[in-house]
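Quantities reported herein were computed from a predicted structural model and do not represent experimental measurements.
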Amino acid sequence: MTHGTDRLDGDHPGEERRNRVARRPQPRHITLGGRDAVALTMEEYEQLIASRRQIGGQSARVRVLALQAKRTEQFLEELETLIAADADVDSLRRAIAELVRRHRDADS
């Protein structure tokens with residue numbers, strides 16, 4: 001289909017059907033006003049927006065998990081330092097309890 005500078009690549013019988021049947025939609029390349037673009041159906045556009053929202057939510061969860069992993073790593077390094085120190089058992093217990101309290105308070 002051609003209208004001036006507007007065209008739809010692959011405007012062949014059956015191609016649209018093949019694209020719908022395919023598991024992953026194939027982009028429809030178009031030229032609009034002399035510029036290359038990709039055409040989406042409303043359903044494809046809505047799916048794209050829904051996917052972007054999901055990715056945004058997952059991104060936020062990954063950031064939280066990364067922060068928790070970093071805090072846990074810091075806690076373990078501090079714990080390792082305490083255990084490696086030459087201290088009596090009671091002092092070590094108090095130091096570990098304080099370390100745990102500090103990290104709990106930082107998380108809340």
Side-chain angles (χ1 to χ4, degrees):
M1 167 170 32
T2 304
H3 299 288
T5 60
D6 301 346
R7 69 174 169 75
L8 178 61
D9 285 347
D11 196 15
H12 301 289
E15 184 166 324
E16 186 176 331
R17 183 177 162 274
R18 281 194 303 274
N19 285 339
R20 280 191 312 230
V21 173
R23 200 149 173 71
R24 185 170 48 173
Q26 298 300 310
R28 286 173 297 287
H29 298 276
I30 63 172
T31 301
L32 186 61
R35 295 182 65 182
D36 289 335
V38 176
L40 300 174
T41 65
M42 285 305 294
E43 180 182 349
E44 290 168 336
Y45 177 76
E46 289 167 3
Q47 288 174 350
L48 176 64
I49 296 302
S51 294
R52 289 184 70 182
R53 282 190 203 112
Q54 287 176 343
I55 290 170
Q58 290 171 352
S59 237
R61 286 189 292 277
V62 167
R63 280 192 300 274
V64 167
L65 290 173
L67 181 58
Q68 288 175 340
K70 185 175 181 178
R71 287 180 179 164
T72 300
E73 183 179 10
Q74 181 182 1
F75 171 78
L76 291 173
E77 287 173 0
E78 291 178 37
L79 182 60
E80 183 179 33
T81 301
L82 285 176
I83 292 171
D86 190 18
D88 63 90
V89 173
D90 288 332
S91 296
L92 181 58
R93 285 182 182 158
R94 283 192 299 275
I96 291 173
E98 175 58 28
L99 175 65
V100 169
R101 250 191 314 277
R102 249 190 4 255
H103 278 272
R104 276 195 192 136
D105 291 344
D107 287 340
S108 38

Run the side-chain donor-acceptor check on residues 82-94: report pairs under 3.5 Å with partners two or more places apart or on a different chain.
unit_1, atom_1, unit_2, atom_2, d
Asp88, OD1, Asp90, N, 3.2
Asp88, OD1, Ser91, N, 3.0
Asp88, OD1, Ser91, OG, 3.4
Asp88, OD2, Ser91, OG, 2.8
Ser91, OG, Arg94, NH2, 3.4

Sequence neighbours excluded, every pair satisfying salt bridge (Lys or Arg N to Asp or Glu O under 4.0 Å) that has a member inside residues 56-75: Arg71-Asp107
Can you measure from CD1 (Ile30) to CZ (Arg35) and round to the nearest 0.5 angstrom? 11.5 Å
Taking all heavy atoms of His29 and all of Val38, pick out the closest pair and write down the distance. ND1-CG2, 4.2 Å
To the nearest 0.5 Å, tell me how far Leu65 CG sits from Thr72 OG1. 10.0 Å
Nearest 0.5 Å, what's the NE2-CG distance between His103 and Leu99? 4.5 Å
Is there a side-chain contact (heavy atoms from CB on, under 4.5 Å) between Thr81 and Glu77 once you walk through the steps? CA-CA 6 Å; Thr81 301; Glu77 287 173 0; 5.5 Å; no
Working to the nearest 0.5 angstrom, can you tell me the gap between Arg101 CZ and Ile96 CD1? 12.0 Å
Ring pair (Phe, Tyr, Trp, His ring centres under 6.0 Å) pairs touching residues 31-52, sequence neighbours excluded, are none
Would you say that Thr41 contacts Arg28 through its side chain, given a criterion of any heavy-atom pair below 4.5 Å between the two side chains? yes
